[in-house]
Amino acid sequence: MRVLLTGAAGFIGSHIRRDLIAAGHEVIAVDLMLPAAHGPGAPVPEGIRQVDVRDGAALDVLLHGVDVVCHQAAVVGAGVSAQDAPAYASHNDFGTAVLLAAMDRTRCRRLVLASSMVVYGEGRYRGVRCGTVDVDVRRREDLAAGMFEHRDPASDEVLTWESVGEDVPLRPRSLYAASKLVQENYASAWAAVTGSSVTALRYHNVYGDDMPRDTPYSGVAAIFRSALESGQPPQVFEDGRQTRDFVHVTDIAAANVAAVEQPLPGFLPLNISSGRPITIGEVAATLAAARGGPEPVVTGRYRPGDVRHIVADPDRARRTLGFVAQVDPIAGLTQFAFAPLRDSAGVYAPTL
């Protein structure tokens with residue numbers, strides 16, 4: 001197939017590009033090469049065209065004869081500053097809207113969209129007595145007292161987490177999360193209006209070779225590794241028992257290839273995850289053990305708006321795409337302890 005891949009020079013996009021080519025697809029690879037993602041003055045990699053997805057005229061040319069678009073281009077991060085909001089809205093949301101309009105003009109009817117588990121906000125919670133509970137931000141007095149789990153607001157019962165399926169309510173907690181939900185909403189409406197198909201891959205905590213180093217926009221695995229490289233212990237917030245799903249970038253790439261090769265009707269969101277939950281404390285301890293220390297420090301520090309637990313239910317991706325992650329998180333993180341990283345990515349705040 002002929003595939004337009006946006007964000008093709010990025011951390012995830014570069015892995016997807018290699019796998020698509022290896023699978024025999026013709027890949028038109030584009031990337032804006034933002035300094036926020038690649039560092040100032042970074043050369044455009046061989047085989048990549050420097051294109052802004054907000055340039056509809058350029059997309060009209062590139063989309064000629066394209067069977068499916070694999071849309072990875074985005075300004076990423078956790079919404080570190082409110083000043084990042086215009087960049088998220090411009091690149092992620094307006095960029096996706098321009099791309100969808102160009103796809104309509106050129107009759108390209110299939111989109112694989114890079115989404116994120118951040119659209120969920122908090123995960124799902126249940127109590128023995130109270131059943132399933134919709135939670136809000138944790139109480140500041142609980143956090144200050146070292147009580148980090150959610151409580152049922154009616155009974156004060158301490159809640160336990162459940163895995164999150166794709167059909168739960170979406171409650172983004174950050175500016176970045178809000179922009180990813182807007183991307184999904186545009187794509188879903190476009191699919192309905194045009195009779196097209198969108199497979200929205202909700203990535204969980206991605207790590208692996210070529211990940212950006214320690215910046216305000218990096219993932220926690222890279223931040224822990226950077227501390228260890230400098231001889232410092234990883235600083236683990238709260239009690240270290242926050243639960244996540246860490247999925248290796250090679251599995252992310254495999255999921256994208258599967259989505260490109262297997263058309264699915266309408267708009268379909270899918271959790272792309274390992275299916276093997278791990279705590280943040282275990283992530284830090286695994287990296288520290290692989291590098292020979294120093295051991296992590298559980299600080300008890302907290303950020304009031306942080307998500308406590310978010311763990312995916314991977315079953316829909318298995319049923320619809322046949323996707324099952326191959327990399328176990330402990331084995332993958334052990335390898336990641338010495339994996340090559342990007343030195344200059346994410347040093348600068350995103351720009352318009």
Side-chain angles (χ1 to χ4, degrees), residues 76-85 88 115-182 184 202-205 216-224 227 233-246 271 273 276-285 295-313 329:
V76 301
V80 174
S81 166
Q83 298 308 308
D84 296 341
Y88 290 133
S115 188
S116 171
M117 58 91 172
V118 296
V119 298
Y120 296 121
E122 277 287 355
R124 286 171 56 85
Y125 295 86
R126 172 176 289 276
V128 174
R129 300 187 303 275
C130 59
T132 301
V133 177
D134 289 331
V135 301
D136 203 341
V137 177
R138 289 171 288 173
R139 304 171 187 172
R140 286 181 178 267
E141 56 270 28
D142 280 351
L143 296 172
M147 172 59 204
F148 299 116
E149 299 296 349
H150 281 280
R151 297 177 185 264
D152 173 32
S155 68
D156 253 8
E157 180 183 355
V158 177
L159 306 175
T160 58
W161 63 264
E162 294 184 318
S163 60
V164 177
E166 290 86 351
D167 296 328
V168 302
L170 305 180
R171 298 185 176 109
R173 281 276 189 89
S174 71
L175 296 168
Y176 171 64
S179 77
K180 297 307 287 185
L181 181 54
V182 171
E184 284 200 14
R202 290 176 180 165
Y203 303 157
H204 284 251
N205 293 69
Y217 304 94
S218 293
V220 68
I223 292 171
F224 287 163
Q235 301 289 304
V236 180
F237 276 31
E238 300 187 10
D239 57 3
R241 295 175 186 163
Q242 311 93 303
T243 310
R244 298 289 189 272
D245 190 306
F246 277 72
N271 285 324
S273 61
R276 283 156 268 186
I278 187 171
T279 67
I280 297 299
E282 288 175 307
V283 172
E295 292 186 2
V297 174
V298 178
T299 66
R301 296 201 306 271
Y302 59 88
R303 291 174 293 241
D306 277 2
V307 170
R308 177 59 177 174
H309 303 291
I310 176 72
V311 174
D313 180 348

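The minimum heavy-atom distance linking D156 with R151 is given by the pair O-NH1, 3.4 Å. Here the closest heavy-atom approach between residue P329 and residue I278 is recorded as CB-CD1, 4.3 Å. Among all heavy-atom pairs drawn from I310 and G123, the shortest one is CD1-CA, 3.8 Å. Of all heavy-atom pairs between V236 and P296, the closest is CG2-CB, 4.0 Å. Summarising the geometry of P172 relative to A178, their closest heavy-atom pair is CB-N, 3.7 Å, with the distance given to 0.1 Å. The minimum heavy-atom distance linking V119 with L181 is given by the pair CG1-N, 3.8 Å.
Here D239 pairs with R308 under the side-chain hydrogen bond (donor to acceptor under 3.5 Å, both in side chains) rule; sequence neighbours left out. V135 meets the side chain to side chain contact (heavy atoms under 4.5 Å, CB included) test with E122, Y125, V133, H150, L159; sequence neighbours excluded. Every residue was checked against the salt bridge (Lys or Arg N to Asp or Glu O under 4.0 Å) condition with D152, not counting sequence neighbours, and none meets it. Partners of R202 under the salt bridge (Lys or Arg N to Asp or Glu O under 4.0 Å) rule, at least two apart in sequence or in another chain, are E184. Shown here are the side-chain hydrogen bond (donor to acceptor under 3.5 Å, both in side chains) partners of S179, two or more places apart in sequence or in another chain: N92. Evaluation of the side-chain hydrogen bond (donor to acceptor under 3.5 Å, both in side chains) rule for R173 yields no partner, not counting sequence neighbours. With sequence neighbours excluded, no residue forms a side-chain hydrogen bond (donor to acceptor under 3.5 Å, both in side chains) with D134. Shown here are the side chain to side chain contact (heavy atoms under 4.5 Å, CB included) partners of S163, two or more places apart in sequence or in another chain: D313. Contacts of P304 classified as side chain to side chain contact (heavy atoms under 4.5 Å, CB included), with partners at least two apart in sequence or in another chain: R140, L143, Y302. When the salt bridge (Lys or Arg N to Asp or Glu O under 4.0 Å) test is applied to R303, the partners found at least two apart in sequence or on another chain are D306. In this structure T299 satisfies the side chain to side chain contact (heavy atoms under 4.5 Å, CB included) test together with Q235, F237, V297, R301, sequence neighbours excluded. Remark: E282 pairs with no residue by the salt bridge (Lys or Arg N to Asp or Glu O under 4.0 Å) rule, at least two apart or across chains.
Interatomic distance, R241 CZ to T279 OG1, rounded to the nearest 0.5 Å: 9.0 Å.
The closest side-chain heavy-atom distance from F224 to I280 is below 4.5 Å. Counting heavy atoms from C-beta on, the side chains of E149 and H309 come closer than 4.5 Å. The closest side-chain heavy-atom distance from N271 to M117 is not below 4.5 Å. Within the 4.5 Å cutoff, side-chain heavy atoms of Y120 are placed close to those of H204.
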